[in-house]
Q: 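Input: one structure, supplied below.
Throughout, a chain's letter reflects where its sequence line sits, starting with A, and its residues are numbered from 1.
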2 protein chains.
Amino acid sequence: MESAEQLQQPVRSRRITAAMVAARAGVSTATVSLVANGKTAGRVSEDNISRVREAIAELGYVVDGIGSSLAKGVSSIVILVAPDISNPFFAKVIAGVRESLGPQYQLLLSVTEAGESPRADDVRRLMSLRPAGLLVDAPSAGFLEDLASPSPVVLLDAPGLEAYAPSVNLDVASGARELAAHLADAGHREVAYVDSVTGTETFALRRKAFLEEAAARGITVGAGRIISTTIDVGTAASAFAAAWPGWQREGVTAVVCGTDTHAYGVLQEARVAGVRIPEELAVAGFDDLPYSATSNPGLTSVHLPATPLGLKAGEQLRRLMEGEVLEQAGVTLESSLVVRGSTAAAER
Amino acid sequence: MESAEQLQQPVRSRRITAAMVAARAGVSTATVSLVANGKTAGRVSEDNISRVREAIAELGYVVDGIGSSLAKGVSSIVILVAPDISNPFFAKVIAGVRESLGPQYQLLLSVTEAGESPRADDVRRLMSLRPAGLLVDAPSAGFLEDLASPSPVVLLDAPGLEAYAPSVNLDVASGARELAAHLADAGHREVAYVDSVTGTETFALRRKAFLEEAAARGITVGAGRIISTTIDVGTAASAFAAAWPGWQREGVTAVVCGTDTHAYGVLQEARVAGVRIPEELAVAGFDDLPYSATSNPGLTSVHLPATPLGLKAGEQLRRLMEGEVLEQAGVTLESSLVVRGSTAAAER
DNA sequence: CTGAAAGCGCTTACAG
DNA sequence: CTGAAAGCGCTTACAG
């Protein structure tokens, strides 16, 4: 009998279930479950533990994620909601998250149109996967209002939204102020600002902190001097191209960009238009992407710690998912200005 | 009774099940399932259809992904296995995939250590989620050998591995040959190559195609002239710093890099070391990342269509998941050389 | 066209 | 320490 069965189709093609393991080990599926989940303490005999372990190894059994999730009421999936995955900054955040989450959890990426939060529909569909936890990057208040997740949530880069969930933030404001001081010291008085169109808080905060400090230091940023584009080199380049003639007439000597990506667009267009950087125009951004050290010239930028952001957020979420209480619900990581050639002091 | 119930906890906090919808609509859960899945044709009366639709809307019912997956034997998750998510190239691939997959499928990202395929363990855990399909970027043959996925698989950027699954590839070889021709025409005879350490086929192909065409055109790339680093600006910079003195002695006038990211490292180090680009050294890469237009100087690069790659792969996978047969199992997208300042002809 | 019932694979009280 | 049984939420033959 047994040998006849073994001669059939190689067993490998069939999904191995707990029942098969139980049969082989001569125990119940309950015991298999206990062993597979490491919940044997005081509940399974040494003898059965090794029997089951052996059967698991022999059959190559893996607990079925779907069945397990249904029984437990929660899956091992962690959903990462992010409005802008095309920003290279984000790849580092993901790497950090991945590392601190460990192999127990699977990272599910919810990608939406650049700069937009997922629609309520999408969120519902995602929640129907019963995620173990959620990581939400740069959310809007409205989105969090709708969310109402039954599983733990940690916010990334969500300044001012700490009331909704534990957050890991970047102290973009202090970097923004450093930048304003740096430009003021270099003698700039007429400055323009290229913002991101996405209505996420971090960009508003970067702009606000910069503008306040700039004003305090005698820098003027008139109304027509703030433009917004998507986070895209080409788009930023075109927008700058359109705005530059006017700015030039007004005596603008420096442009601050909401992200380095915007700044690359400005640098690119400046080269095309023959605007000398930094002699005619100083340029600076936020993020300090790896390319900022290599751009032409090197780009002055507010350094934001992307990997630590992901690491810390993953760590906090993991604690919550494991039922721990956070001793520190709000974490803020430092930012700092990195000065490079694009704002090298010119004589004025 | 009913009003008493309504006065209790707001219903919103409870998960809405098909049974609740069924009760409200006065039908069975079978009918609810049929309506929710759009399988009503000839099986549900118009009357019941609208009854159920109404109840679904009123209660805000969403089919539970876990329960549904268990019953169907497959989930709505598409797993994207990628060895290198820190490459900005990849963000565009993801955006393409996301777009062609549509909202029905959830993208689950399997991130591993830079450049490594996931271990067998990880794969098993992923497969236990019963994915609807798999997208595998730049895999090794060994990985595919182990995979044996019951769900459809589409390979991205996996030249030479078409036997394992339908593939969408990039014609990196023709771009590589164009690059060799370009350098030969500019008079370069002694060239070095900075490769990626990851053993993925695409890098081997880039190198091989370049070396063959280079040799055919009288370019020498000696044994000590090929070095490998991870895809990281800093690492590439250090490796180049170490190798450059020797190369310089041998009369090397051009360096080709397996990716633009490597090339950025070379550009960066060259600036530090005072090596003039392109006069003393020409530099070129592969990928044509957005930053290559802004680097110092602009980087000559083999343009690879990242978004179309993701789009096409998602499209093919979707067909397979919907039971269609692919009329074209192997797709190859064109590459082409973009010449910029980093290889501007110098007099030699 | 409709619903009762079985079944997907697992986990967890529960009774012993 | 152990196993039978209920249950997670859904889908799908099946019988009517």
Q: What is the distance, to the nearest angstrom, from the CZ atom on A:Arg125 to the P atom on D:dC10?
A: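 The answer, rounded to whole Å, is 15 Å.
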
Q: Filter on side chain to side chain donor-acceptor pair (under 3.5 Å), then keep only pairs touching residues 64-73 of chain A, sequence neighbours left out; what's left?
A: A:Arg15-A:Asp64, A:Asp64-B:Arg130

Q: Starting at atom CG of A:Leu34, determine the distance to atom P of C:dT11, rounded to an integer number of angstrom.
A: 9 Å

Q: Looking at the side chain of B:Ser45, which of C:dT2, D:dT12, C:dT12 is the nearest nucleotide?
A: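 For B:Ser45, the side-chain atoms sit closest to C:dT2.
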
Q: List for me each residue that meets side-chain contact (heavy atoms from CB on, under 4.5 Å) alongside A:Glu324, sequence neighbours excluded, and say none if there are none.
A: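 Partners of A:Glu324 by the side-chain contact (heavy atoms from CB on, under 4.5 Å) criterion, ordered by chain and then number, come out as A:Arg319, A:Glu322.
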
Q: B:Glu145: what forms a salt bridge (Lys or Arg N to Asp or Glu O under 4.0 Å) with it, not counting sequence neighbours?
A: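 By the salt bridge (Lys or Arg N to Asp or Glu O under 4.0 Å) rule, B:Glu145 matches no residue at all.
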
Q: Only stems of 3 or more consecutive Watson-Crick or G-U pairs count here, both distances under 3.5 Å; name the ones for DNA chain D, or none.
A: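 Runs of three or more consecutive pairs: C:1-3 with D:14-16, C:5-12 with D:5-12, C:14-16 with D:1-3.
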
Q: Tell me, please, which residues at least two apart from B:Asp121 pass salt bridge (Lys or Arg N to Asp or Glu O under 4.0 Å).
A: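 Salt bridge (Lys or Arg N to Asp or Glu O under 4.0 Å) list for B:Asp121, sorted by chain: empty.
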
Q: Check the distance between C:dT11's P and A:Asp64's CG and give it to me in whole angstrom.
A: 9 Å

Q: To the nearest Å, give me how far apart CG (B:Asp47) and P (C:dC1) are.
A: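 Atom-to-atom, B:Asp47 to C:dC1, this comes out as 12 Å.
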
Q: From CD of B:Glu46 over to C1' of C:dT2, roughly how many Å is that when rounded to an integer?
A: 15 Å

Q: Could you go over nucleotides 6-8 of chain D and give all protein N or O partners under 3.5 Å, atom names and distances?
A:
| unit_1 | atom_1 | unit_2 | atom_2 | d |
| --- | --- | --- | --- | --- |
| D:dC8 | O2 | A:Ala71 | N | 3.3 |

Q: Grab the CZ-P distance between A:Arg51 and D:dC1 for me, whole Å please.
A: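 Whole-Å distance recorded here is 15 Å.
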
Q: Please list each protein N or O that sits under 3.5 Å from an N or O in nucleotides 3-5 of chain C, with the distance.
A:
| unit_1 | atom_1 | unit_2 | atom_2 | d |
| --- | --- | --- | --- | --- |
| C:dG3 | OP2 | B:Ser28 | N | 3.2 |
| C:dG3 | OP2 | B:Ser28 | OG | 3.4 |
| C:dG3 | OP2 | B:Thr31 | OG1 | 3.1 |

Q: Under the rule for side chain to side chain donor-acceptor pair (under 3.5 Å), what residues qualify as partners of A:Glu54, not counting sequence neighbours?
A: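 Side chain to side chain donor-acceptor pair (under 3.5 Å) check on A:Glu54 returns nothing, list empty.
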
Q: Checking B:Glu162 side chain against B:Gly160 main chain: does a donor-acceptor pair fall under 3.5 Å?
A: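 Confirmed, B:Glu162 side chain pairs with B:Gly160 backbone.
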
Q: Holding to side-chain contact (heavy atoms from CB on, under 4.5 Å), I want the full list of residues that pass it with B:Ser149, two or more places apart in sequence or in another chain.
A: B:Met127, B:Leu134, B:Leu147, B:Ser151, B:Val153

Q: Compare side-chain N and O positions of A:Ser68 against OP1 and OP2 of C:dT11 and report whether any pair is under 4.0 Å apart.
A: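 For A:Ser68, the contact criterion (side-chain N or O under 4.0 Å from OP1 or OP2 of C:dT11) is met.
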
Q: Can you tell which of C:dT11, D:dT11, D:dT12 lies closest to the side chain of B:Val63?
A: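 My answer, after comparing the listed nucleotides, is D:dT11.
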
Q: Under the salt bridge (Lys or Arg N to Asp or Glu O under 4.0 Å) test, which residues partner A:Arg125, sequence neighbours left out?
A: none

Q: With sequence neighbours left out, what residues match B:Val331 under side-chain contact (heavy atoms from CB on, under 4.5 Å)?
A: B:Val168, B:Lys312, B:Gln316, B:Gln328, B:Leu333

Q: side-chain contact (heavy atoms from CB on, under 4.5 Å) with B:Ser128: which residues, sequence neighbours excluded?
A: A:Val62

Q: Using heavy-atom distances to pick each residue's nearest nucleotide on DNA chain C, tell me which of A:Tyr61 and B:Arg43 is more 5'.
A: B:Arg43

Q: Quick check for you: to the nearest 0.5 Å, what is the distance between A:Leu107 atom CG and B:Leu108 atom CG?
A: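 Taking CG in A:Leu107 and CG in B:Leu108, the distance rounds to 7.5 Å.
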
Q: Return the value, rounded to whole Å, for the distance between atom CE of B:Met20 and atom P of D:dG9.
A: 10 Å

Q: Can you measure from CD1 (B:Ile94) to CD1 (A:Ile94) and round to the nearest 0.5 angstrom?
A: 6.0 Å

Q: Starting at NZ of B:Lys39 and ending at P of C:dT2, how long is that distance when rounded to a whole Å?
A: 18 Å

